[in-house]
Each structure stands twice: as C-alpha cells, then as structure tokens.
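Down below is the structure, laid out as structure tokens.
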Amino acid sequence: MIPHISSRPRRTLVLAAALSALAFGAPAALAGTAPVSPAGIPEASAPAKAQAPAPTSQSATWAAGTRAYVVITAAGDSSAVRSAVTANGGTVFSYYDQIGVIVAHSTSSTFAATMRGVGGVQKVGATRTSDVPADAYNPALPANPSQSTTPAGEPARVDMTQIKADQAWAVTTGSASVKVGILDTGVDDQHQDLAPNFNAADSASCAYGKPDTRVGAWRDVGTHGTHVAGSVAAAKNGKGVVGVAPGVKISSVRVAEPGTSLFFAENTICAFVWSGDHGFKVTNNSYYTDPWQFNCPDNVDQAAIIEGVKRAQEYAESKGSLQVAAAGNENYDLANKTTDSASPNDSTPTNRTITNACLDIPTELPGVVTVAANGTGTTKASFSNFGQGVIDVAAPGSNVYSTVPGGGYSSMSGTSMASPHVAGVAALVASANPTFTPAQIRTALATQANDVACPSDSRCKGTTANNGFFGEGQVDALKAVGGSTPPPGKYFENLTDVVITDNATVNSAITVSGVTGNAPTTLKVGVDIKHTYIGDLKVDLVAPDGSVYVLSNRAGGSTDNIVQTFTVNASTEVANGVWTLRVNDNANQDTGKIDAWNLTF
C-alpha cells in the first residue's frame with residue numbers, strides 16, 4: 001500500500017512510482033500509476049448458496065439513491081431476516097448463510113435503523129457513503145487488452161535476490177497443486193508471463209458483493225492486480241520476470257469496482273468466501289476496505305463492516321486459506337492511532353479522532369499476515385506503515401518490476417508490492433509442506449524471516465528479533481523451502497569506475513586466478529551500474545574464451561540503475577583468466593557509469 005495518492009491509497013499500494021508499462025526491453029515514456037484502492041483484496045467465505053440472481057437479473061430494480069448495507073445475523077438459514085429486508089424497503093443483493101451475512105440494497109434513509117430492530121439481526125451497517133452504481137445490476141466485462149511480445153531474457157531482479165527466491169528455485173519453484181488467490185483490481189490472464197500459471201476455473205469478480213463467473217469478469221480494471229500477480233507467480237519461462245513461486249497456480253478474484261477502483265466491504269466479504277470455497281491456500285490482499293481507512297467499532301456502520309469482513313476472513317481460514325495483506329503506505333504508526341483524514345474516500349473525507357480500537361482491514365484482522373515494505377536492502381521504505389505488535393514481516397516494496405496488462409512490465413512501489421513477495425514465500429512453504437495449516441504457514445513465515453534491527457529512529461519500537469518496522473524480519477524464500485545458503489566461493493571485484501557514454505560500448509575486466517577447474521553452474525555476477533533509463537543498456541558477461549552470457553538486454557525501461565546479482569551457468573568455462581563486463585549503450589541522452597562489479601565462484 002502506498003500513501004493515499006488519490007483518495008484510495010493502499011490499494012494502490014503501488015505508490016505512484018509505477019514506471020512505464022512498456023513491453024519488456026522496449027523503451028517507452030514514463031507512465032504514472034494512480035492509486036488502486038485501499039490495500040488489497042479479501043477472500044470469499046463459504047460456497048455462497050447461489051446467493052442472489054445472476055448479474056443481469058436485477059437491472060430493472062436500480063434507482064438513484066440506492067445504498068448498500070451488510071446485515072449481520074446468525075450463521076445458518078437467514079430466510080427470515082432476508083424476508084425482513086424485503087418487508088422493510090430493501091432488496092437482497094446477495095447472502096452468505098455460512099457466515100450470517102446478507103448484502104442488502106435500499107433507497108430508504110431509515111432502512112438501517114429499522115432493520116436493527118428486527119429479531120435475529122445482530123448488526124446493520126451502510127458500506128458506502130455514495131450510491132451503488134447502476135453497473136452493479138448489469139456489470140460490464142473488463143477489457144481484454146491486446147498483448148505485446150516480450151523478447152527472451154529473464155534476469156534475476158534485485159527484489160528476488162534480496163529474499164533469496166532465486167536460490168530457493170533450485171530447491172522448488174512451488175507446486176501446481178497450491179492455489180494463490182489474487183484479490184485485487186483483477187488480473188490480465190492473457191499476459192505471456194501469467195497465462196502458464198493462471199487458473200480460470202477458480203477466478204471470478206466479486207465487485208459489488210456477489211460472484212460473477214462470466215469469462216473475463218476477473219480481468220484487470222487497472223494495473224495493480226496484474227502487477228501483484230507477477231510478483232507472486234510470473235512463470236519461469238525464459239522471458240520477462242519470474243515470480244517468487246513460479247510453479248504455483250494463481251486465480252484472480254476482482255474486488256475493485258471499475259471507474260473508482262474501490263474495494264467495498266461487500267466485495268471483500270464475497271472474495272474471502274470465494275477463496276475459502278475454492279481451496280486457495282494463500283491469498284494476497286494489497287488494499288484496505290473502502291471507504292474507511294480505519295473502521296471504528298463505536299460507529300454502528302463500521303462495526304457491521306468489521307464483523308462482516310472478520311467473519312469472511314475467519315471462514316476462509318477455516319477452509320485452509322492464509323490471508324497476507326499490505327500494511328499500508330501512509331508512514332503511519334498503526335500501534336498509535338490518533339487521526340484519520342482520508343475517510344470516507346467515496347465522498348468527502350473529513351478529519352476525525354480515532355484510537356487503536358479502530359482497524360485497518362483486512363490487514364489488522366486476527367490471523368492475517370501484515371506486511372511492511374523494505375526500501376533499499378533492509379531499510380524501512382519511507383512510505384510504509386509500521387507499528388509494534390502489528391507488523392508481522394517485511395519484504396521488498398520499492399521500485400518492484402513486474403507484469404502489467406497487455407504483455408507489458410512496470411516498476412511500482414508500495415506495501416502492495418511487498419505483500420505479494422510474502423504471499424509467494426507462503427506459497428513455497430505450502431508447496432514444501434502440503435499438510436500445513438494457515439497457522440503453521442504463519443509460524444513458518446515468522447521463523448524463517450531474517451531479523452532486522454531498528455535503525456536510529458525513535459519511532460521503531462521493539463527488539464532486533466521483533467520490532468515495529470520489520471516485525472519478525474525480512475522473509476527468506478530459501479529458508480522457507482528448507483534450503484541453506486551455500487558456503488561462499490572465491491570472490492573477485494573491480495571497483496574502478498568506467499564511464500558509459502551515448503551509443504558506445506565499454507568494458508571492465510576482472511582477472512581470476514587460484515580457482516581450480518571450471519566456473520560453477522551458479523556463478524554469481526554482482527553488477528552496480530549507475531545509469532538513467534536502463535532500457536538503453538545491454539549488459540553481457542564475457543568469459544576468458546570469448547563466450548558471451550547476456551545478463552540484461554535493454555530491460556527495465558525508464559528505471560534508473562542496475563544494482564543486482566545475476567546467476568550464470570558458466571560450468572563449461574575455465575575459471576581462471578580475464579572475465580569482462582561489457583555494457584553497450586544504445587540511445588542518446590542518458591549516460592552513466594559502471595560503478596563496480598564482482599564475481600563469486
């Protein structure tokens with residue numbers, strides 16, 4: 001989640017750092033990414049008994065002034081309460097008897113107050129401060145964008161090496177029997193890097209609060225969900241990018257509504273119930289439930305929202321699903337809440353005083369894994385929310401390069417980008433331990449995380465082992481699959497700067513000696529190139545015999561700097577001799593330098 005850029009931040013958790021959504025390796029103009037709606041998307045509850053008619057069946061009943069409500073009753077047969085909804089000026093839009101939640105619509109200003117007096121009704125709350133769109137009764141299908149083609153080349157990204165995902169893949173890339181739900185703005189299932197792992201059979205839209213299973217209803221109404229999906233499970237197919245768990249399956253449950261990209265409570269409830277009923281082992285929720293950044297139990301409407309979403313989350317967990325959620329992008333102390341100036345974000349926000357009893361949901365619900373974002377290395381990302389006792393773990397969330405609709409790629413920042421890294425690691429844990437319950441996966445995430453101490457910042461409370469900035473620490477995919485870091489090999493580096501000018505090729509050499517035999521299958525090539533618009537650059541490793549290994553081929557678009565470690569299978573090369581890093585600049589205007597590079601055998 002990113003700071004509320006537009007009224008709905010977290011969901012956007014893409015921090016508007018989103019860089020150009022261009023085809024991999026093809027230069028393009030910088031494209032800003034607007035917030036996608038509060039932090040993520042919840043999962044669905046139980047197998048919703050065909051709650052509500054098909055999407056088009058109520059189109060004649062929509063009227064201006066229609067508002068949405070959650071009516072909370074006991075789990076089981078809700079027929080009596082549903083009859084009361086109709087008798088008191090409302091219509092039943094959908095219902096989830098498994099958890100005792102009814103989604104009702106009404107144009108009556110007294111509907112909620114009247115229903116609170118009905119026998120068997122426990123809570124009633126308006127879920128919006130704006131009207132339900134007419135589209136809710138006859139939803140338009142999202143666009144199915146044409147796809148660009150990505151050239152070969154799949155360099156390991158710094159976020160993946162940072163959490164040792166690239167090393168974990170040598171142990172497992174994840175099991176195809178593990179399903180991860182992307183609860184978000186939707187997913188472009190046709191994207192070349194997502195199609196191999198996409199599970200359409202378990203995908204749907206939950207926009208407006210009931211499942212829409214028409215083909216394509218799950219597609220992206222923005223870019224956020226597709227970006228999140230790539231970080232979780234982009235295929236290891238020799239092009240584009242690789243997700244943390246490229247062997248698992250992903251399903252899209254669209255929670256965001258078109259136009260606003262808001263994630264209302266009824267949508268989240270539907271999504272969690274769907275997740276539980278469809279066997280999602282893990283879900284990613286990079287959003288918060290609109291329109292309230294924090295829902296307070298002393299407000300009758302927000303108390304009903306809390307209860308409804310909480311029941312749906314608990315239902316999903318009872319069915320074996322672990323929810324992972326973004327902490328948010330307001331640089332806010334979630335353990336010391338005082339004010340909320342961003343709510344409601346579907347009408348006119350006001351300033352209000354709040355306390356810690358008010359919850360950012362779903363991320364602060366019991367059982368949900370709350371994820372903070374790291375900046376460079378193990379620093380706290382400047383935008384990331386924090387809070388002792390609230391944050392569970394941390395993961396990379398700054399300038400994360402991943403998939404966007406239409407076959408493209410883009411860099412985005414936010415806890416929205418950190419959360420899918422953790423969801424991916426959770427999927428690897430589930431793959432390696434197929435009998436694990438959600439609680440056991442939660443424990444494994446905490447146990448395998450690498451401790452990160454508080455920086456010199458008085459806001460960070462706690463110990464090195466567990467603190468308000470990083471929780472239990474930064475996740476470690478290699479530990480998660482039971483692997484261990486190999487002993488360090490012989491290390492060689494060149495720290496001499498080499499200037500990279502326009503349309504020129506430059507070289508930097510390292511002489512290797514004292515290594516017996518050939519180079520390893522996992523030769524590590526550490527690269528630190530300072531250069532604006534790295535899509536201009538082709539970077540190669542040249543072996544002593546002249547063999548060329550492509551490290552990066554004009555990838556990254558308008559992103560600045562290549563600072564990452566590449567893994568090269570150089571086992572056919574004699575180790576000793578002169579190795580060369582060759583950088584070719586292919587355009588005008590942007591220049592830079594090879595700052596340093598190294599080899600680890």
Side-chain angles (χ1 to χ4, degrees), residues 41-62 66-108 111-112 114-128 132-133 136-139 183 204-213 217 253-255 257 263-278 289 300-301 303-316 318-319 362:
I41 298 170
E43 309 169 51
S45 25
K49 307 184 172 180
Q51 306 121 355
T56 58
S57 64
Q58 294 181 334
S59 58
T61 67
W62 182 87
T66 298
R67 294 294 173 91
Y69 302 85
V70 286
V71 179
I72 310 296
T73 185
D77 183 3
S78 67
S79 57
V81 176
R82 281 184 274 128
S83 295
V85 167
T86 303
N88 287 287
T91 58
V92 174
F93 187 74
S94 62
Y95 63 96
Y96 303 91
D97 278 355
Q98 313 91 310
I99 59 173
V101 174
I102 299 166
V103 178
H105 289 176
S106 180
T107 58
S108 170
F111 175 77
T114 301
M115 284 301 300
R116 288 178 189 125
V118 171
V121 172
Q122 299 170 3
K123 289 181 171 64
V124 179
T127 63
R128 306 164 184 247
V132 174
Y137 295 96
N138 189 15
L183 281 54
S205 169
C206 271
Y208 309 117
K210 66 181 172 185
D212 179 353
T213 59
V253 183
R254 178 165 65 85
V255 180
E257 296 180 6
F263 299 70
F264 291 102
E266 61 268 35
N267 309 5
T268 301
I269 290 166
C270 169
F272 280 137
V273 173
W274 180 274
S275 300
D277 288 343
H278 288 262
T289 302
V300 290
D301 291 319
I305 289 172
I306 293 171
E307 181 65 19
V309 177
K310 178 174 175 287
R311 288 189 185 188
Q313 192 295 116
E314 289 172 344
Y315 177 81
S318 75
K319 292 288 189 176

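In what follows, residues are counted from 1 in the order of the sequence shown. Not measured: the values here are computed from a predicted model.
In this structure the side chain of Tyr208 never reaches within 4.5 angstrom of the side chain of Tyr137, judged on heavy atoms. When side chains are defined from C-beta on, Val101 does not count as touching Tyr315, because their heavy atoms never get closer than 4.5 Å. Put simply, the side chain of Arg254 does not reach to within 4.5 Å of the side chain of Asn267, judged on heavy atoms. Between Tyr96 and Ser78, every side-chain heavy-atom pair lies at or beyond the 4.5 Å cut-off. Side-chain atoms of Val300 and Arg116, non-hydrogen and from C-beta on, do get closer than 4.5 Å to each other. Residues Phe264 and Ile305 form no side-chain contact, since every pair of their non-hydrogen atoms from C-beta on lies 4.5 Å or further apart. Residues Thr73 and Val121 have side chains not in contact (no heavy-atom distance under 4.5 Å, counting atoms from C-beta outward).
Without hydrogens or angle criteria, Ser94 side chain to Gly209 main chain gives a donor-acceptor distance under 3.5 Å. Looking at Trp62, its side chain never comes within 3.5 Å of a backbone N or O of Asn138 through a donor-acceptor pair. Not a single donor-acceptor pair under 3.5 Å links the side chain of Thr66 to the backbone N or O of Val132.
Among residues two or more places apart in sequence or in another chain, the salt bridge (charged side-chain N to carboxylate O under 4.0 Å, His left out) test is passed with Arg128 by Glu257, Glu266.
Residues Gly89 and Ser106 come closest through the heavy atom pair O-OG, 2.7 Å. In terms of heavy atoms, Ala217 sits closest to Ser205 at O-CB, 3.3 Å. Counting all heavy atoms, side chain and backbone alike, Gly125 lies closest to Ala304 at N-CB, 3.4 Å.
Within the model, atoms CD1 of Ile102 and OH of Tyr69 stand 15.0 Å from one another, a figure rounded to the nearest 0.5 Å. Rounding to the nearest 0.5 Å gives a distance of 9.5 Å between CD1 of Ile99 and CD of Glu314.
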Residues Arg82, Asp97; criterion side-chain contact (heavy atoms from CB on, under 4.5 Å); working and verdict:
CA-CA 11 Å; Arg82 281 184 274 128; Asp97 278 355; 3.9 Å; yes

Under the criterion side-chain contact (heavy atoms from CB on, under 4.5 Å), I'd like the reasoning laid out for Met115 against Val81: C-alpha separation, chi angles, the key distance, then a yes or no.
CA-CA 9 Å; Met115 284 301 300; Val81 176; 4.2 Å; yes

Is there a side-chain contact (heavy atoms from CB on, under 4.5 Å) between Ile72 and Arg311? Walk through the geometry before answering.
CA-CA 10 Å; Ile72 310 296; Arg311 288 189 185 188; 3.3 Å; yes

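Shown are Val103, Val118, Val92, Val124; of these, the side-chain contact (heavy atoms from CB on, under 4.5 Å) with Val71 is made only by Val124.
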